[in-house]
Amino acid sequence: HTDEQTLDQIGQLGLQIDHLSGRHLITVGLEHQIETLEADRLEGDGERDRQALFLQDDLALFDGVLTLVPGLRYDRDSLFGDQWSPKLAARLDVTQHWLLRLGYGHGYRAPDFKQLLLRFENTAVGYRVDGNPDLLPERSRGLNIGSTWLPSPSTSLALTAYHNRVDDLIELVLVEPGPPTIYSYRNVARARLTGADVQAQWRPWPSLQVRAGYGYLHSEDRDTGESLSGRPRHRANLALYLDRHRYALGLRGAWTGTRRFQVDVDSGGPPTAAGTAAAYTLLDARVEWRAWDPLHLATGIKNLFDEGDPRFLPIPPRTVYLELRRDF
């Protein structure tokens with residue numbers, strides 16, 4: 001048995017100003033955050049402060065046919081110094097029913113205290129996890145292009161393609177085979193993520209709505225050529241909504257293809273070895289009655305197929321609920 005204490009204190013302050021001037025919608029903001037962490041699993045206490053400034057201009061040109069959105073964000077981290085993240089997005093209304101979008105931007109993510117300072121040993125299982133105070137932040141560059149077609153007021157079709165590159169990707173790696181087996185966090189990978197998403201929406205009647213989508217992702221560690229851990233190549237979703245005056249019905253499903261995992265360590269159990277997780281489908285259903293307005297009665301089922309497993313998909317099992325709500 002283990003008794004461990006974690007005390008994480010975060011103070012945050014933010015300010016944002018939006019100002020409309022002619023064709024410009026200018027957004028200016030700042031953020032300030034202080035965090036301290038005391039935990040039995042850490043080698044030492046953690047303390048850091050972070051500040052950010054951001055500026056964005058939403059500019060409408062040619063009577064709104066073309067919209068440009070340049071932006072710039074500055075981050076300062078007491079542990080990792082300065083970072084500038086520019087972006088530029090554009091939207092072109094080719095016709096009344098056809099839109100084009102293009103965007104490019106830089107991203108930034110600093111490692112958390114667990115990845116920097118963690119020191120946890122499970123002698124019963126025979127492994128240890130050490131943080132790495134020399135970790136570098138992840139930095140990314142992303143390009144996306146999309147198009148939306150609106151053939152009628154009740155139908156839409158959207159296609160988006162993207163390509164992202166990440167430098168200094170943080171991963172958990174095996175340091176020593178042991179015993180005990182020692183794991184740690186390292187900047188060992190440069191990642192590439194390329195994919196496309198298709199989303200369709202159709203409303204054959206005012207009360208009935210159908211949504212469907214599909215996503216494809218190719219992820220790759222540019223150093224080894226292998227796929228990134230836990231990212232499915234194929235995803236799909238389908239949803240039906242019927243909304244009448246006295247009742248409403250909803251059915252929503254999401255299918256996720258097979259996923260390949262590298263080594264992983266959760267919050268308390270032994271490391272999960274590399275392996276391939278099977279595809280799964282999450283299906284939710286809901287029925288709502290409004291016959292006694294303002295009282296609403298609803299019932300539903302979450303995770304109808306009772307998907308999930310403790311190794312690769314630790315999620316709640318099939319759940320049936322009854323809900324009574326009063327609107328004021």
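If you chain together hydrophobic residues whose side chains sit under 4.5 Å apart, Trp98 and Val65 fall into the same group. Cluster annotation: Leu25 is not connected to Leu88 through the hydrophobic network of ILVMFWY side chains, with a link wherever side-chain heavy atoms come within less than 4.5 Å. Cluster annotation: Leu322 and Trp292 are assigned to the same hydrophobic cluster (Ile/Leu/Val/Met/Phe/Trp/Tyr, side-chain heavy-atom contacts under 4.5 Å, transitive).
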Between Ser156 and Trp149, is the side chain to side chain donor-acceptor pair (under 3.5 Å) condition met? List the steps. CA-CA 6 Å; Ser156 68; Trp149 181 42; over 6 Å; no
Let's go through Leu92 and Leu99 carefully: what are the C-alpha distance in whole Å and the side-chain angles of both, what is the deciding distance for side chain to side chain contact (heavy atoms under 4.5 Å, CB included) to 0.1 Å, and is it a yes or a no? CA-CA 6 Å; Leu92 176 64; Leu99 314 175; over 6 Å; no
Yes or no on side chain to side chain contact (heavy atoms under 4.5 Å, CB included) for Leu242 and Tyr247, after CA distance, side-chain angles and deciding distance? CA-CA 8 Å; Leu242 179 63; Tyr247 64 91; 4.1 Å; yes
Would His296 and Trp289 count as a side chain to side chain contact (heavy atoms under 4.5 Å, CB included) if you check the C-alpha gap in whole Å, the side-chain angles of each, and the deciding distance to 0.1 Å? CA-CA 6 Å; His296 294 183; Trp289 293 272; over 6 Å; no
Steps toward side chain to side chain contact (heavy atoms under 4.5 Å, CB included) verdict (Asp134, Leu116): CA-CA 7 Å; Asp134 297 324; Leu116 293 168; over 6 Å; no
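Shown here for Arg233 and Ser227, the closest heavy-atom pair between the two residues is NH2-OG, 4.3 Å. Taking each heavy atom of Arg318 and Leu304 in turn, the nearest pair found is NE-O, 2.8 Å. Gly225 and Glu220 get closest at one heavy-atom pair: CA-OE2, 3.6 Å. Between Pro316 and Asn303, the closest heavy-atom pair is O-ND2, 3.1 Å. The minimum heavy-atom distance linking Pro137 with Tyr108 is given by the pair CB-CE1, 3.4 Å. Nearest heavy-atom pair, Lys302 versus Asp284, reported as atom, atom and distance to 0.1 Å: CA-OD1, 3.3 Å.
Looking at heavy atoms from C-beta onward, Gln33 lies in side-chain contact with Ile10 at the 4.5 angstrom threshold. Between Gln56 and Val69 the shortest side-chain heavy-atom distance falls below 4.5 Å. No side-chain heavy atom of Thr155 sits under 4.5 Å from any side-chain heavy atom of Leu150. Residues Thr299 and Glu323 have side chains not in contact (no heavy-atom distance under 4.5 Å, counting atoms from C-beta outward). For the pair Asp82/Asp75, no side-chain contact is recorded, criterion being any heavy-atom separation below 4.5 Å from C-beta on. With contacts defined as side-chain heavy-atom distances shorter than 4.5 Å, the pair Leu143/Leu102 qualifies. In this structure the side chain of Leu79 reaches within 4.5 angstrom of the side chain of Phe113, judged on heavy atoms. Counting only heavy atoms from C-beta outward, the side chains of Asp58 and His24 never approach each other to under 4.5 Å.
Remark: the backbone N or O of Lys114 is paired with a side-chain donor or acceptor of Asp112 at under 3.5 angstrom. Proximity of a side-chain donor or acceptor of Asn187 to a complementary backbone N or O of Leu136 within less than 3.5 Å is detected. Listed for the Ser219 side chain is no donor-acceptor partner under 3.5 Å among the backbone atoms of Leu217. Between the Ser78 side chain and the Arg48 main chain, no donor and acceptor come within less than 3.5 Å of each other. Side-chain atoms of Arg211 do not come within 3.5 Å of backbone N or O of Asn237 as any donor-acceptor pair. At least one donor-acceptor pair closer than 3.5 Å links the side chain of Asn132 to the backbone N or O of Tyr185.
Rounded to the nearest 0.5 Å, atoms CG (Leu68) and CG (Leu59) are 5.5 Å apart. Interatomic distance, CG of Leu13 versus CG of Leu30, reported as 7.0 Å (0.5 Å rounding). Atom CG of Leu157 is separated from atom CD of Gln199 by 9.5 Å, given to the nearest 0.5 angstrom. Going from atom CD of Glu138 over to atom CD of Glu171 covers 9.0 Å, rounded to the nearest 0.5 Å. Rounding to the nearest 0.5 Å gives a distance of 11.0 Å between CZ of Arg203 and OH of Tyr241. Atom CG in Leu169 sits 6.5 Å away from atom CG in Leu228 (nearest 0.5 Å).
Using a 4.0 Å cut-off between charged nitrogen and carboxylate oxygen, Arg192 and Asp221 do not count as a salt-bridge pair. Classification of Arg235 and Asp197 as a salt-bridged pair holds, one side-chain N sitting under 4.0 Å from a carboxylate O. Electrostatic pairing of Arg165 and Asp167 does not count as a salt bridge here, judged by no charged N lying under 4.0 Å from a carboxylate O. Salt-bridge formation is not detected for the pair Glu31/Arg50: no Lys NZ or Arg NE/NH1/NH2 atom is positioned less than 4.0 Å from an Asp or Glu carboxylate oxygen. The pair Asp168-Arg190 does not meet the salt-bridge criterion, since no charged nitrogen lies less than 4.0 angstrom from a carboxylate oxygen.
When the salt bridge (Lys or Arg N to Asp or Glu O under 4.0 Å) test is applied to Arg259, no partner is found at least two apart in sequence or on another chain. Not counting sequence neighbours, the partners of Thr281 by the side chain to side chain contact (heavy atoms under 4.5 Å, CB included) test are Trp255, Phe305, Glu307.
Under 3.5 Å, the side chains of Arg139 and Gln83 contain a donor-acceptor pair of N or O atoms. Using a 3.5 Å distance cut-off with no hydrogens or angles, the side chains of His106 and Tyr104 do pair a donor with an acceptor. Between the side chains of Arg286 and Tyr321, at least one donor-acceptor pair of N or O atoms lies under 3.5 Å. Side-chain atoms of His218 and Thr194 form no donor-acceptor pair, as typed in the model, at a separation below 3.5 Å. Looking only at atom types and distance, the side chain of Ser154 has no donor-acceptor partner in the side chain of Trp202 under 3.5 Å away. Residues Arg109 and Ser140 bring no donor and acceptor atom of their side chains to less than 3.5 Å of each other. No side-chain N or O of Gln12 forms a donor-acceptor pair with one of His32 less than 3.5 Å apart. No side-chain N or O of Asp130 forms a donor-acceptor pair with one of Ser184 less than 3.5 Å apart.
Gln5 CD: 12 or fewer foreign heavy atoms inside a 6.0 Å radius. Other residues, nucleotides and ligands contribute only 12 or fewer heavy atoms inside 6.0 Å of the CG atom of Asp63. In this structure, Arg23 places its CZ atom where only 12 or fewer heavy-atom neighbours from other residues, nucleotides or ligands lie under 6.0 Å away.
Among residue pairs with one or both ends in residues 61-83, those qualifying as ring-ring contact (aromatic ring centres under 6.0 Å, His included) are Tyr74-Trp84; sequence neighbours excluded.
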